[in-house]
Amino acid sequence: MSSQTQKANESSPLLSQQSGLEIPSHTDEFSHLSPYEAELLRAQVVVTPVKSSFFSMYRYAGKRDRYMLFAGVVASMVSGCLRPLMTVLVGNVAQLFVTYRPEYADDGYFYNPNNATSGNHTYNFRELMYDNMPEVSSPEEFKMAINKIAFFFLMLAVTDFFASTIAIYLFVDRGEVLSSRIRSNYLKSILRQNIAYFDKLGTGEVTSRISSDTVLVQEGMSEKVSLAISSITNFIAAMVVAFFRSWKLSFILFGIIVSVVVTMAVCSKYMVRFYRRSLAGYSIGGTLAEESLSSVRNVQAFSIEERLALQYDEFLAITELWAHRAGMILGLTSALIWFFMHCNYALAFFQGSRYIASYYLEIKQVMSTLMVIMMGAFWLSQIPPHLRYISNGMAAASKLYTTIDRKSAIDPFKQGKRFPTEELSGCVEFKDVKFIYPSRPQSIVLEHFDLTVEAGKTVALVGSSGSGKSTIIGILERFYSPIGGHIYLDGHDITELDVSFLREQISLVSQEPVLFACSVFENIAYGLIGTRYEHSSDIEKEALVRDACRQANALDFVEKLPFGLQTFVGERGFLLSGGQKQRIAIARAIVCNPAILLLDEATSALDTKSEGVVQKALDQASQSRTTIVIAHRLSTIQNADKIVVMSHGKILESGTHAELLENKADYYSLVQAQKIDSDNQPQVDEVIDDDTNSESEPESSSSTAYDTSSLDEKYDEKRDLHLSRTKTGHSVSSFVLQQKIESEEAPQESTLALIKFLTTLTKDKNHYLLLGAICAIVNGLGHPSIAILYALCLQAFRDGPDSFEDMLAKIRVYSLIFFLLGLVQLTSYFVCNSSLSLVGQRLVRRIRFLTFRYFLRQDLVFFDNKENSVGRLTALLSQDAQSVESLSGATLGQILNAFSNIIAGTLVSLIVAPKMGWVFVACLPIMIGTGFGRFSLLARVQAQAKTMSEKSSAYACEAVSTVRTVVTLTRERHIIEDYQKDLVSQGRKMRLASLKSSALYGTAQSTQFLVMGLGFWWGSRFVRTGEYTPFHFYAAYMSSIFAGQNAGVAFSYAADMSKAKSATISIKRLFDRQPAIDSWSESGERIPSENVQGEIEFNDVHFRYETRPKVPVLRGVNLRAKKGEYIALVGASGCGKSTIISLIEEFYRPLSGKVLFDGKDINTLNINNYRSHIALVQQEPVLYAMTIKENILLGTQEDPDSVSEQRIVEVCRQCNIHEFISSLPDGYNTMCGTKGVLLSGGQKQRIAIARALIRDPKILLLDEATSALDSESEKIVQAALDQAAKGRTTIAVAHRLSTIQKADRIYVFDAGKVVESGTHIELLREKGRYFDLVHAQSLEGSD
């Protein structure tokens, strides 16, 4: 096993379990538990592989589908039978040509085959050799016989047109339908899985399955099956005809045919095994890609694009390794088949000549047998490429069906106990609950946990991160199952209740709000699913939605959005600020008036002012229902009926806010940790009244209306690029952005340019490409060589009894040449396929690797575009490379082989018999034209299908990546219904195009019969007159026919060629895109680390997002952070604070004004060198599916292997996370899970801070860096951050003012402007905006 494979396996335990690679035996991680507990946990995570067969791919075919597929099979078989039947006609023509003697016909005497003498013997050839042949006594009769045979060819052409068209259409159409059902059932199965299943399965793998593997299944059960059946039927029918014509000769040849079948069976088994391992390798890499693309800001901030790309490439190496091995097996299969075929020819001609010499067989029997064997062998050689698609489909189906057939431990679709909601009071009881996460079976999270939440009461859970607070919500929502104890809802054990029914009674607002890529209205209306309003009219729903927005303090900013409630929020709501997303999530939670409300840090993303208003709304909403609140910001839970303080899964104390303060125990310590310094703070009693809190705050960039007339006029003439209104009513900045958008027009790409582009991607392997191409050309010369040898053998058969010895001598020589030619073809086919497979798999690996790199290279403007959603990009990463792969390896060899055959066959035809050859060659454009017409049509169809497929894949990916929110809202059925509608619509649009394409294919196939009939009819004229001998005719004719057949073969890959071209265009356009902020750029000034001071200054900065060019975000911002200063940015949600962070990181560039770093415009600095001096800790911590150690090391700029363990431990101690990590069974080597799902929010945040500190930055950017921490950890981490801030500039965005009261300067933002600045004490004395914010967060009044 290669080192790359080993390394990738070690970094991904999931790969080790699923890929079937050479992995050491896996020990049972649940063995230390009791059998009952182990079984409960195992049921939540274990996946049992499902083996799929060919017929299992059609498991979702109904009766109508089976009838249609049966008709398709029959049509394919009819099409396959026609060519062997044609050989009977060919044999009869050969008999005519051999027995017709034009030298006698010209003298008025026709050769009488009834009597001939040899020595002293008289032979009756009519009885021995020419039985059942029409008696030809004149040139006219010869002509009539040929005309009759030509008419039969016309009938075969008409039959083949209808049979081929029907067969291809039915299989393509049903393949589209059935693959859609597989997609639908796969998504349905995914959405019904318990959450523990996703803790180890990455969403990137799911995206890869639904966008890539389903395509493989579709290809494996549609057109390729029809072509395979036709080829197999052709072969079987050929054997039948051969045995009918001469059972003895056919039986002699049958041994070689058996060898071919055995070879195909054995090799196919290995191909399936290798392709399955190849798919397993990529699926894990797809998870890493999805994680990276969904956190691209973090990736670019830490400049870890290359590091992640190299890790991604490790998984691609596994895919390349096994796919290449499968390609070699395919090459060996083709090589052996061609060798056996040539052995077949050698033996057939050798033995056939002996039978003729002994008068056992007549010429027409031998020639029909030879011809039908040749035809059958040819189509047998076409089976392996089709089997490759079928094998790929079976391997992909195995992965898909493994998920589809998995029985979920917690199934929302399974019927369970329900009771009338009128009887529901909302009393929740936890009794002796024990819980362990299935993904971390060594760590006990809850043990002997008892808690009662009375109906209609509010219970708040507080405590340090990792104490089990979020776990309580997880098991109440039935994300997981406890391994001990019981949880009751109104006395009903929740494990007995219908899962969907339970979740419909509960609304959850999580710490990281998740919105879907649709309108504000749709996002909130999803909260009505499962209620009596689910199917109400939009008018009724809108009234409920507006009321919910009003309660969540969201209506004001929503109404100011460009389209109000109908405004598109972007993927995961990226067009809104964090606070706005949170308020919409709260509105979604309360719109259904739930019996139980779960708030997991529900107001963590809100500014102080909004928090107060929303908290009042939540307090009001909580009065009539049971509410469980998890909070780190204690100001939000002081009115709770009961506050429960937790630590390590146990309750330390409980009581009301006042009671716990009197106890002066753990809760009291938490309160003191959050207390804002009130020294020199004026009395605030009289400052703010209730009306102040009810006023709507200034809105963010995304919530400001399109009207720009509110811009301050004082900026109108201040700059060259000013923001004054023009005659059209738009600012100059609007036009700048609009022109940038309009200028991005993709150029057209020629096919030659695309081929050149692909060869540059494999330049290190192009010598193998050249070798494979040369061998493919040699392979293509095989058929013309066969044609010449065939004609020579036929000419030898023409010798009469007087020359039988000469005939046998010639045939022995020709048979030996056939055998030697077989050895040449054996070598060339294996080398060709192996070489092209190596190049093809390297090309696929390079495409995926470079596409991933180019994605990460793009600036944030690229990712802000809704067309570039993570789901779509992940799907493209998988599909585009796969589409190019379909035209590489064996398929490319077949195409090169075919074109070589066409050229060589044409030349042979024109050289040997030019008068006939020109007619034959003139027919080739007709055959090629029909194939090219199909290619052109399919290119357009594939472009349309790709767009539709990307849309549906992105929708499914969004659902899976937000699965916790989906199941909480019980949106599973809604998503499945929408997805099914999308797939049905896609299928309808494709139907007419499929019919046209199938008709063109039928035309191409039937044209071959027409050309053959024309060839015999035209060539017979020259044979009749004696101008050409049968050798000339057959050498020219067979070469042309083989050329025509190969033209059909070449364009049978029209669909693959169109897919590959479309994918290559997409890839090249990505590679050609030059981002405005290019992380690959070497230009710009580099500042040595020792010379960096760390000063940041904004000079009159104006900014708008390109996706919202009419919405101003920053309006003339001026601020300065001197060396070593701690600067804080505060203000309402959406006022532009996080945009400041983005501009400092140079994610975007201001439209006017400058951002200076040590007095230098950052636009003039080298982007990577500049970012190396900065570290960012975001509001929503980003971790990857790696170990904790690997996640921390992503922050370092050094070689990760050179960083000492001591340094890692040191930064973790600073972040108060070392003790927790050390308590884990695997310590720093513990896997974090996809997006860090195996860790709590606070744990993730502290690891993210450690990642920033290990970077030792000159500038530290904290975007709500401690928002997810409990009070105790916050105090410790804040002290660590304060210590870390010494000697470096720190810029912090904060809503929790206790974290920034010691800042050197605080900037207060409002509507994109700085309205106040100063120290904490200075701003309090001004009694302005900051004073209001402090008052709202003060806990003093509660004492």
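What you see below is based on every heavy atom in this structure, not just the backbone, and it leaves out hydrogens, waters and symmetry mates. Treat the numbers as computed from the prediction; the structure is a model and nothing was measured.
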> Measure the shortest side-chain to side-chain distance between Val629 and Thr627 over non-hydrogen atoms and say whether it is less than 4.5 angstrom.
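Yes, their side chains come closer than 4.5 Å.
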> Between the main-chain N or O of Ile590 and the side-chain N or O of Gln551, is there a donor-acceptor pair closer than 3.5 Å?
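Between the backbone of Ile590 and the side chain of Gln551 there is no qualifying donor-acceptor contact (under 3.5 Å).
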> Given Arg1329 and Asp1332, is the salt bridge (charged side-chain N to carboxylate O under 4.0 Å, His left out) satisfied, shown in steps?
CA-CA 5 Å; Arg1329 295 288 181 91; Asp1332 296 346; 5.6 Å; no
> First locate atom OG1 of Thr1289, then atom NE2 of His1173, and finally report the distance between them rounded to the nearest 0.5 Å.
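Going from OG1 on Thr1289 over to NE2 on His1173, the span is 12.0 Å.
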> Could you walk me through whether Ile1077 and Gln300 pass the side chain to side chain contact (heavy atoms under 4.5 Å, CB included) test, one step at a time?
CA-CA 11 Å; Ile1077 304 172; Gln300 294 190 358; over 6 Å; no
> If you round to the nearest 0.5 Å, how far is OH of Tyr1330 from OG of Ser1317?
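Atom-to-atom, Ser1317:OG and Tyr1330:OH are 12.5 Å apart.
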> Can you name the nearest heavy-atom pair linking Ala548 to Val591, along with the distance?
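Taking every non-hydrogen atom into account, CB-CB, 3.8 Å.
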> Say whether, by atom type as modelled, one donor and one acceptor occur between the side chain of His1102 and the main chain of Arg1115 under 3.5 angstrom.
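No: the side chain of His1102 does not pair with the backbone of Arg1115.
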> Mark yes or no for whether Arg1255, through its side chain, and Gly1195, through its backbone, hold a donor-acceptor pair below 3.5 Å.
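Checking the backbone N and O of Gly1195 against the side chain of Arg1255, a donor-acceptor pair under 3.5 Å is found.
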> Tell me if a side-chain donor or acceptor on Asn523 pairs with a main-chain N or O of Leu515 at a distance below 3.5 Å.
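Checked: no pair found.
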> If I take atom CD from residue Glu1095 and atom CG from residue Asp1158, how far apart are they, to the nearest 0.5 angstrom?
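One finds 6.0 Å between CD of Glu1095 and CG of Asp1158.
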> Evaluate the criterion salt bridge (charged side-chain N to carboxylate O under 4.0 Å, His left out) for residue pair Asp864 and Arg297; output intermediate values, then yes/no.
CA-CA 11 Å; Asp864 288 346; Arg297 283 171 171 79; 3.5 Å; yes
> Under the criterion side chain to side chain contact (heavy atoms under 4.5 Å, CB included), I'd like the reasoning laid out for Asn298 against Arg1251: C-alpha separation, chi angles, the key distance, then a yes or no.
CA-CA 11 Å; Asn298 189 76; Arg1251 179 172 59 202; 3.4 Å; yes
> Give me the atom names and distance for the closest heavy-atom approach of Phe1309 to Cys1135.
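Minimum heavy-atom separation between Phe1309 and Cys1135: CB-SG, 3.4 Å.
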> Can you tell me which residue among Ile1291, Thr1290, Val1293 is in a side chain to side chain contact (heavy atoms under 4.5 Å, CB included) with Leu1262?
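In the set Ile1291, Thr1290, Val1293, the residue that makes a side chain to side chain contact (heavy atoms under 4.5 Å, CB included) with Leu1262 is Thr1290.
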> Can you confirm whether Phe1157 sits close enough to Ile1144 that some side-chain heavy atom of one is under 4.5 Å from a side-chain heavy atom of the other?
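Result no, sub-4.5 Å side-chain heavy-atom pair not found.
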> Just how far is it from atom NE2 of His1320 to atom CZ of Arg1325, taken to the nearest 0.5 Å?
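One gets 10.5 Å once the value is rounded to the nearest 0.5 Å.
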> Side chains of Phe1098 and Val1155, heavy atoms from C-beta outward: is any pair under 4.5 Å?
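Of all side-chain heavy-atom pairs linking Val1155 with Phe1098, at least one is under 4.5 Å.
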> Write down the atom of Gly1116, the atom of Asn1118, and the distance for their closest heavy-atom approach.
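For Gly1116 and Asn1118, the tightest heavy-atom pair comes out as O-ND2, 3.3 Å.
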> Do Leu1119 and Leu1129 have side chains that get closer than 4.5 Å, going by heavy atoms?
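In contact.
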> Run Arg1149 and Glu1106 through salt bridge (charged side-chain N to carboxylate O under 4.0 Å, His left out) and show every step you take.
CA-CA 11 Å; Arg1149 285 176 177 165; Glu1106 287 193 21; over 6 Å; no
> Report yes if some heavy atom in the side chain of Thr965 is under 4.5 Å from a heavy atom in the side chain of Phe516; otherwise report no.
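Yes, their side chains come closer than 4.5 Å.
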> Can you check whether Leu1143 reaches Leu1114 side chain to side chain, under 4.5 Å on heavy atoms?
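Sidechains of Leu1114 and Leu1143: in contact.
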> Run the side chain to side chain contact (heavy atoms under 4.5 Å, CB included) test on Glu1145 and Arg1171 for me, step by step, so that the C-alpha distance in whole Å, both residues' side-chain angles and the decisive distance to 0.1 Å come before the verdict.
CA-CA 7 Å; Glu1145 278 281 4; Arg1171 285 177 177 166; 3.9 Å; yes
> Are any side-chain N or O atoms of Arg583 and backbone N or O atoms of Asn553, one a donor and one an acceptor, separated by less than 3.5 Å?
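Yes: the side chain of Arg583 pairs with the backbone of Asn553.
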> Could you tell me if the side chain of Asp547 sits less than 4.5 Å from the side chain of Arg550, heavy atoms only?
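Yes; the side chains approach each other to less than 4.5 Å.
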> So does Arg1305 get a backbone contact from the side chain of Thr1319, meaning a donor-acceptor N/O pair under 3.5 Å?
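Flag not set: sc Thr1319 to bb Arg1305 has no pair under 3.5 Å.
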> Side chain to side chain contact (heavy atoms under 4.5 Å, CB included) for Leu1323 and Phe1331? Distances and angles first, verdict last.
CA-CA 7 Å; Leu1323 292 175; Phe1331 182 81; over 6 Å; no
> Sequence neighbours excluded, which residues qualify as side-chain contact (heavy atoms from CB on, under 4.5 Å) partners of Asp1161?
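For Asp1161 the side-chain contact (heavy atoms from CB on, under 4.5 Å) partners, ignoring immediate neighbours, are Lys1154, Leu1156, Asn1163, Thr1164.
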> Considering non-hydrogen atoms only, spot the tightest contact between Ile586 and Ala552 and give its length.
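What the structure gives for the nearest pair is CG2-CB, 4.0 Å.
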> Quick one: pull up CG in Leu576 and CD1 in Ile584 and give me the separation to the nearest 0.5 Å.
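Going from the CG atom of Leu576 to the CD1 atom of Ile584 covers 5.0 Å.
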> Do Thr1139 and Tyr1148 get their side chains close enough for a donor-acceptor pair, meaning under 3.5 Å?
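Side-chain D/A pair, Thr1139 to Tyr1148: absent.
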> Would you call Cys549 and Ile524 a side-chain contact if the rule is heavy atoms closer than 4.5 Å?
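Side chain of Cys549 against side chain of Ile524, heavy atoms only: contact under 4.5 Å found.
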> Give me the atom names and distance for the closest heavy-atom approach of Ala631 to Ile637.
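Closest approach of Ala631 to Ile637, heavy atoms only: CB-CG2, 3.6 Å.
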> Identify the heavy atoms of Ala589 and Ser507 that sit nearest to each other, and give their distance.
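Between these two residues, the closest heavy atoms are O-OG, 2.8 Å.
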> Ignoring hydrogens and geometry, is there a side-chain-to-backbone donor-acceptor pair from Tyr1307 to Arg1120 under 3.5 Å?
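Indeed, once roles are kept as given, a pair shorter than 3.5 Å links the two residues.
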> Main chain of Gly1131, side chain of Lys1137: is a donor-acceptor contact present, judged purely on distance under 3.5 Å?
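The answer is yes, because a donor-acceptor pair under 3.5 Å joins these two groups.
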> If you measure from CD1 on Ile1174 to NZ on Lys1258, what distance do you get to the nearest 0.5 Å?
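Reported to 0.5 Å precision, the distance equals 13.0 Å.
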> Between Arg546 and Glu559, does any NZ, NE, NH1 or NH2 come within less than 4.0 Å of an OD or OE carboxylate oxygen?
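Looking at Arg546 together with Glu559, the answer is yes, because their closest N to O distance falls below 4.0 Å.
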> Is there a donor-acceptor pair closer than 3.5 Å between any side-chain N or O of Ser1142 and the backbone N or O of Phe1147?
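Answer holds: no.
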> Under 3.5 Å, side chain of Asp1304 to main-chain N/O of Tyr1126, donor-acceptor pair present?
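Yes; judged by distance alone, with no hydrogens or angles, the pair exists.
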